[in-house]
Amino acid sequence: MKKEFPYKLYDLIPSQQTMYLMFKYTFSKQISQIPTSFCVEDIDLDFDLLTKALNIEFERNDSLRLRFIKVDKQLKQYFLPSYKMNKVPCKYFRSVQEQQAFFEKDAQTPVRFDKGVNFRIYFYKTANAGNGVYFNVSHLNMDALGAVIFYLDFISVYRALAHGTELPAPMASYEEYIAKELKVVSEKKKWDKHESWYREYFAKGGEPFYAGVHGPAFLEKTRIKKKNPNLRVPAAYNPLLDKCDMINGHIGAEDAAKIFAFCKENSIAPESLFMFGLRTHCSAINYRTEDVFMMATCSKRAGVKEKKMSGCLVQPIQVRTIIPETATFEEALGEYTRVRTQLYRHMDYPYITARDLSREMYNYSLIQGPACMMFSWIPLPIDLDGMGFKFDFKTYDLGRYFTPLYTICSPDPKDKGINLNYMYRVKLSNKEHIDALHKNAVKVVLAGIENPKLTVKELLDMCD
């Protein structure tokens, strides 16, 4: 008689299905993981006490106890009732270069959740007396914001132990969220209104246009190869040519303060502002097209409970904006906000289903897609509620990725600036392309917040 599995099994929720799809259809299995580090200054971490705090975190944060198993060729998931690490690997780096090389190598080593490895974690000390935690986790366990929530709760538990105070308020349950999400997904009768909206969304303006950050040369080459001068979307998602490099861009504290003040005064999400700056450059170098298509990650952490929850809640949204040159900066930002808000209202419709709908409408192959990049905004806190120390948060190059460009944008808690990390496919783009993208996007954002009445035409003219 077959032994019964001891834990409750769940299907994957849509956000996890997206990550699993990435994992299944690539030869480079590291594209579905999140490698980050969290380094603190001004305090000396006791690694033995940090290990104790980590084991408490395993109890509090059930996404760390999430595991996966194949059942009848289908990937299922379950939660361990408990988990413990008696010994956490510790690294002592003699130089910044040694530290970066070690973590970059690990970031590009797959986390094989399908083989029982869901994360790797290191405690470390830097060459300049910093203390930190490096964490590389399966994207099916956590998204990037989930990793930030993990770090913040983990360090709060450590401080409670160090000072003999009460532990922070409990984390919310990811298992409960999964059960709730699966119920929502099962109510497919409600999908009709979502599908109808998406069909209209994809159809408006006709077939989308691929406005790559590398300019139109790749599209023109494909038009010649396919003998189709009207081709609008080339096959830019080749999994055989997915090698990436990363370039780190930065905005200083003074300009960052202006940007955050503008967003607060005008109730504009920072991600809309930055995506508009990026799209303006993409338009400028691609025949000044009015039609730019980008993907962005949406965390689905709108409620109080979800904001205290780790796990993978993120899904891509397909942000297509058609903005004429006569529009002003503030009108264009308003359009971006309108489109993103509409997409958020249809987040119960899975990304994979919406993507397949667009592929069906325009007869795209598996490696065709109009999105010129993926964009993520990670809302890191600048100050940690008076905890009394500074911290540094870093993301790392995966070495491979499925989109032509992945831009990760976040506040920089170290100097109160803003970081923009560009992970780009080397077969399509180069350093000059990314440097120009960063320079022009920042120029557009700063010019627009200074004078919101500037037209899109004037902003396009500013792009080198």
Side-chain angles (χ1 to χ4, degrees), residues 5-7 9-37 54 57-58 61-91 101-124 133-147 150-151 174-175 178 237 239-244 246 297 310-316 352 374 394-403 406 423:
F5 193 73
Y7 308 115
L9 292 171
Y10 297 93
D11 291 330
L12 302 184
I13 59 175
S15 56
Q16 295 172 312
Q17 289 172 351
T18 301
M19 306 313 160
Y20 187 42
L21 185 74
M22 289 166 52
F23 181 86
K24 283 173 67 176
Y25 294 104
T26 180
F27 297 101
S28 313
K29 300 303 184 184
Q30 69 263 37
I31 71 170
S32 58
Q33 62 202 42
I34 307 289
T36 58
S37 65
L54 180 62
E57 187 67 17
F58 288 140
N61 186 344
D62 58 358
S63 68
L64 292 164
R65 292 183 274 108
L66 181 60
R67 301 295 182 266
F68 301 90
I69 187 173
K70 281 280 186 76
V71 178
D72 298 328
K73 298 183 179 181
Q74 295 294 316
L75 191 67
K76 303 284 185 177
Q77 59 187 327
Y78 62 95
F79 289 83
L80 294 172
S82 63
Y83 182 76
K84 189 174 183 179
M85 289 183 72
N86 293 318
K87 186 70 175 175
V88 177
C90 300
K91 300 294 296 183
F102 181 86
F103 290 147
E104 282 186 353
K105 182 178 180 181
D106 187 273
Q108 297 177 21
T109 302
V111 174
R112 295 301 297 262
F113 63 87
D114 59 327
K115 296 182 179 180
V117 180
N118 294 78
F119 58 81
R120 290 189 294 271
I121 189 165
Y122 292 91
F123 299 158
Y124 66 94
V133 178
Y134 169 85
F135 184 54
N136 191 354
V137 62
S138 161
H139 214 322
L140 277 76
N141 284 73
M142 288 186 198
D143 51 41
L145 186 51
F150 154 70
Y151 282 124
Y174 187 47
E175 183 172 8
I178 285 175
Y237 288 73
L240 295 172
L241 304 171
D242 61 352
K243 188 177 185 302
C244 285
M246 181 181 277
T297 56
S310 196
C312 179
L313 281 67
V314 73
Q315 278 213 84
I352 293 174
M374 176 75 81
K394 291 188 182 300
T395 60
Y396 295 88
D397 180 10
L398 294 169
R400 306 276 178 173
Y401 205 62
F402 78 101
T403 62
Y406 185 13
M423 190 163 65

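For Y396, the side-chain hydrogen bond (donor to acceptor under 3.5 Å, both in side chains) partners at least two apart in sequence or on another chain are S37. In this view, D62 satisfies the salt bridge (Lys or Arg N to Asp or Glu O under 4.0 Å) rule with no residue, not counting sequence neighbours. By the side chain to side chain contact (heavy atoms under 4.5 Å, CB included) test, L80 is found to be paired with Y7, R65, R67, Y78, Y83, residues two or more places apart in sequence or in another chain being considered. Listed by chain and number, the residues in a side chain to side chain contact (heavy atoms under 4.5 Å, CB included) with D397 are Q108, C244, D245, M246, M423 (sequence neighbours excluded). With sequence neighbours excluded, no residue forms a ring pair (Phe, Tyr, Trp, His ring centres under 6.0 Å) with Y237. Annotation: side-chain hydrogen bond (donor to acceptor under 3.5 Å, both in side chains) contacts of Y20 (sequence neighbours excluded): none. Scored by the salt bridge (Lys or Arg N to Asp or Glu O under 4.0 Å) test, K394 finds D392 as partners (sequence neighbours excluded). Taking the ring pair (Phe, Tyr, Trp, His ring centres under 6.0 Å) definition, one finds that F79 meets it with nothing, sequence neighbours left out. Here K115 pairs with R112 under the side chain to side chain contact (heavy atoms under 4.5 Å, CB included) rule; sequence neighbours left out. Under the side-chain hydrogen bond (donor to acceptor under 3.5 Å, both in side chains) criterion, Q17 pairs with no residue at all, not counting sequence neighbours. For K76, the side-chain hydrogen bond (donor to acceptor under 3.5 Å, both in side chains) partners at least two apart in sequence or on another chain are D11. The side chain to side chain contact (heavy atoms under 4.5 Å, CB included) check on V88 picks up T51, L54, M85, I121, F123, with sequence neighbours excluded.
The aromatic rings of Y124 and F103 lie perpendicular to each other, with more than 60° between the two planes, well past the 30° mark.
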